[in-house]
Amino acid sequence: MIIDLRSDTVTKPTKGMLEAMMEAKVGDDVFREDNTVNELENRLAEMFGKSDALFFPSGTMANQTAIKLNTNPGEQLICDKYAHIYNYESGGVSFNSGVSCKLIDGNRGMFNHEQVIDAINPEAYYYSKSSLVEIENTTNKGGGACWDFDEIKKIKKVCDDNQLRFHLDGARIWNALVTKNECPKHYGDQFDTISVCLSKGLGCPIGSVLIGNLDIMKDALRIRKIFGGNMRQVGYLAAAGLYALDNNIERLVDDHKKAKEIGEELKRLNKIKIVEEIETNIIVFELNNDVNEQQFVQNLADKNIYIISMGSGKLRMVTHLDYTNTMHEKLISTIKTL
């Protein structure tokens, strides 16, 4: 039995999802004639209270499109030092949009509205123009932490007061919505653009969707084409997304429960310095200085348990749809022996 906890992207489509994909009615999406894609886009736009949505092959492409739609070359976006768009999108912010990042030293990938105010550049012509604020919910490198919605509203006011756009990287927004019992439309009220991922907690084989109103989204299709992201009979993949929205959101509670139980066992190990607070499906922990990180990871791999290093001494496990109760029992018993 292989236990793969490197990411919630390692899942395979379930039988029900595969059946939905095979039964999809498709067309040429470049001509906007794939009814299943249109249905998915319309459903997500309505869910978040926006007028438009566009299907993408990856969350990175959706985020990069949002940045291009919300900025001009030479400008600057404000984000946390842990932000996915800064750390894990191959420098696309500068390569694709000619934009730089002003990094905020937040807490577990989150910051407050006062820090945003401090990060806004002066109006003088020799500064980059601050034009976009970006947050990530849940935070990946921050260990699946969920933002406080009241703080999001305060940041939105700062954006409005300073003519800044506001983008949400919602790669794991579903986990946050379930944990905090929040409403998607409330997020739609706060953000100009929102990217949501279907291939992480929701178990789809591929796909993210960018959501926003027409005034911003009118060029999204053109930007997706520039990035090489236009697809043909992609309704087979969109059908997986529709199935996931119907069947795989509420079950995230189970992933969160398992993650917390793993964390409790890790806290008992004298090899581990700290286990960060666990709110959703990500467990981030640090080893004591005298413990060899590579050897620790390899010892687990020798037992067919796979986790990853995030750098800076942080190790990560992520629970997901394919992590079964049997796997959970084996992992817990293995941790007890480390």
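Under 4.0 Å is where a charged nitrogen must lie from a carboxylate oxygen, and between D29 and R32 at least one such pair does. The existence of a salt bridge linking K157 and D160 is excluded, since no basic side-chain nitrogen approaches an acidic carboxylate oxygen closer than 4.0 Å. Ion pairing of K154 with E114 is absent here, as no side-chain N (NZ or NE/NH1/NH2) approaches a carboxylate O to less than 4.0 Å. Ion pairing between a basic and an acidic side chain is recognised when a charged N comes within 4.0 Å of a carboxylate O; E277 and K260 show no such pairing. Ion pairing between D8 and R172 holds under the 4.0 Å rule for side-chain N and carboxylate O.
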- Query: Checking side-chain contact (heavy atoms from CB on, under 4.5 Å) for the pair V116/I104: CA distance, chi angles, key distance, verdict?
  - Reply: CA-CA 8 Å; V116 175; I104 293 179; 4.3 Å; yes
- Message: Quick one, E41 with N38, criterion side-chain contact (heavy atoms from CB on, under 4.5 Å). Give me CA distance, side-chain angles, the key distance, then yes/no.
- Response: CA-CA 5 Å; E41 291 172 347; N38 295 339; 4.0 Å; yes
- Query: What's the verdict on side chain to side chain donor-acceptor pair (under 3.5 Å) for E329 and N325, showing C-alpha distance, side-chain angles and the deciding distance?
  - Reply: CA-CA 6 Å; E329 290 172 5; N325 290 334; over 6 Å; no
- Chi angles and distances behind the side-chain contact (heavy atoms from CB on, under 4.5 Å) call for N140, M310: CA-CA 10 Å; N140 173 26; M310 302 187 77; 3.9 Å; yes
- side-chain contact (heavy atoms from CB on, under 4.5 Å) evaluation trace for D34 with F55: CA-CA 11 Å; D34 191 306; F55 186 88; over 6 Å; no
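V253 and I173 fall within a single hydrophobic cluster, where Ile, Leu, Val, Met, Phe, Trp and Tyr are joined by side-chain heavy atoms under 4.5 Å apart, directly or via other members. Linking Ile, Leu, Val, Met, Phe, Trp and Tyr residues whenever their side-chain heavy atoms come within less than 4.5 Å leaves V284 and L252 in two separate clusters. L266 and Y323 fall within the same hydrophobic cluster, defined by Ile, Leu, Val, Met, Phe, Trp and Tyr side-chain heavy atoms under 4.5 Å apart, directly or through other members. Hydrophobic clustering of Ile, Leu, Val, Met, Phe, Trp and Tyr side chains at less than 4.5 Å, counting indirect connections, keeps M110 apart from I282. No path of Ile, Leu, Val, Met, Phe, Trp and Tyr side chains, each step under 4.5 Å between heavy atoms, connects L300 with Y306, placing them in separate hydrophobic clusters.
Sparse packing is recorded around CZ of R6, with 12 or fewer heavy atoms of other residues, nucleotides or ligands lying under 6.0 Å away. Within 6.0 Å of atom CE in M1, more than 12 heavy atoms from other residues, nucleotides or ligands are found, so the atom counts as buried in its surroundings.
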Taking only distance into account, with no hydrogens and no angle test, what donor-acceptor pairs under 3.5 Å do side-chain atoms of residues 86-93 form with protein atoms, sequence neighbours excluded?
unit_1 : atom_1 : unit_2 : atom_2 : d
N87    : ND2    : K81    : O      : 2.8
N87    : ND2    : Y82    : O      : 3.4
N87    : ND2    : A83    : O      : 2.9
E89    : OE1    : Q64    : NE2    : 2.8
E89    : OE2    : N63    : ND2    : 3.0
E89    : OE2    : H84    : ND1    : 2.9

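Between E19 and K15, some side-chain heavy-atom pair lies under the 4.5 Å cut-off. Contact check for F191 versus I155: no side-chain heavy atoms found under the 4.5 Å cut-off. Inter-residue side-chain proximity for R165 and S131 is flagged as unmet; no heavy-atom pair is nearer than 4.5 Å. The shortest distance between side-chain heavy atoms of L245 and L44 falls below 4.5 Å. Inter-residue side-chain proximity for E250 and V178 is flagged as unmet; no heavy-atom pair is nearer than 4.5 Å. Looking at heavy atoms from C-beta onward, E75 lies out of side-chain contact with S128 at the 4.5 angstrom threshold. Residues M21 and P205 are in side-chain contact: their nearest non-hydrogen atoms beyond the backbone lie under 4.5 Å apart.
Each of D118, I120, L103, L132 was scored for a side-chain contact (heavy atoms from CB on, under 4.5 Å) with I78, with one residue passing: I120.
In this structure a side-chain-to-backbone donor-acceptor pair under 3.5 Å is present from N137 to W147. Between the side chain of K102 and the backbone N or O of S130, no donor-acceptor pair lies under 3.5 Å. Judged purely by atom type and a 3.5 angstrom limit, N288 has no side-chain atom pairing as donor or acceptor with the backbone of D290. Remark: side-chain polar atoms of D322 are paired, donor with acceptor, to backbone N or O of K12 under 3.5 angstrom. E46 places no side-chain N or O within donor-acceptor distance of the main-chain N or O of R43, the cut-off being under 3.5 Å. A donor-acceptor distance shorter than 3.5 angstrom exists from the side chain of N213 to the backbone of S51, with no hydrogens or angles considered. Side-chain atoms of T179 never come within 3.5 Å of backbone atoms of A176 as a donor-acceptor pair (strictly under, hydrogens ignored). Without hydrogens or angle criteria, D28 side chain to E33 main chain gives no donor-acceptor distance under 3.5 Å. Here the side chain of S97 pairs no donor or acceptor atom with the backbone of V99 at under 3.5 angstrom. Judged purely by atom type and a 3.5 angstrom limit, T319 uses its side chain to pair as donor or acceptor with the backbone of D255.
A donor atom on one side chain and an acceptor atom on the other are found under 3.5 Å apart for T193 and N70. When only modelled atom types and interatomic distance are considered, K273 and N289 share a side-chain donor-acceptor pair under 3.5 Å.
Annotation: side chain to side chain donor-acceptor pair (under 3.5 Å) contacts of H113 (sequence neighbours excluded): E151.
Closest approach of G212 to K50, counting heavy atoms only: O-CB, 3.6 Å. The two residues I307 and V297 have their closest heavy-atom pair at O-CG1, 4.1 Å. For L198 against G241, the heavy-atom pair with the smallest separation is CD1-CA, 4.0 Å. Considering all non-hydrogen atoms of both residues, D192 and L164 come closest at OD2-O, 4.3 Å. Counting all heavy atoms, side chain and backbone alike, K258 lies closest to H328 at O-CE1, 3.4 Å. Taking each heavy atom of G144 and E279 in turn, the nearest pair found is O-CB, 3.9 Å.
Aromatic rings of Y187 and F149 (six-membered ring for Trp) have centroids within the 6.0 Å cut-off, being under it.
Atom OG1 of residue T65 and atom NE2 of residue H167 lie 9.5 Å apart, to the nearest 0.5 angstrom. We find the CG-CZ distance between L5 and R316 to be 10.0 Å, quoted to the nearest 0.5 Å. To the nearest 0.5 angstrom, K336 atom NZ is 11.0 Å from L331 atom CG. With rounding to the nearest 0.5 angstrom, the CD atom of Q190 is 9.5 Å from the CD1 atom of I135.
When hydrophobic side chains of Ile, Leu, Val, Met, Phe, Trp and Tyr are connected at separations under 4.5 Å, L210 ends up clustered with L54, F56, M61, L69, I216, M217, L221, I223, I226, F227.
A perpendicular orientation is assigned to the rings of F285 and F296, their planes being inclined by more than 60° (bins at 30° and 60°).
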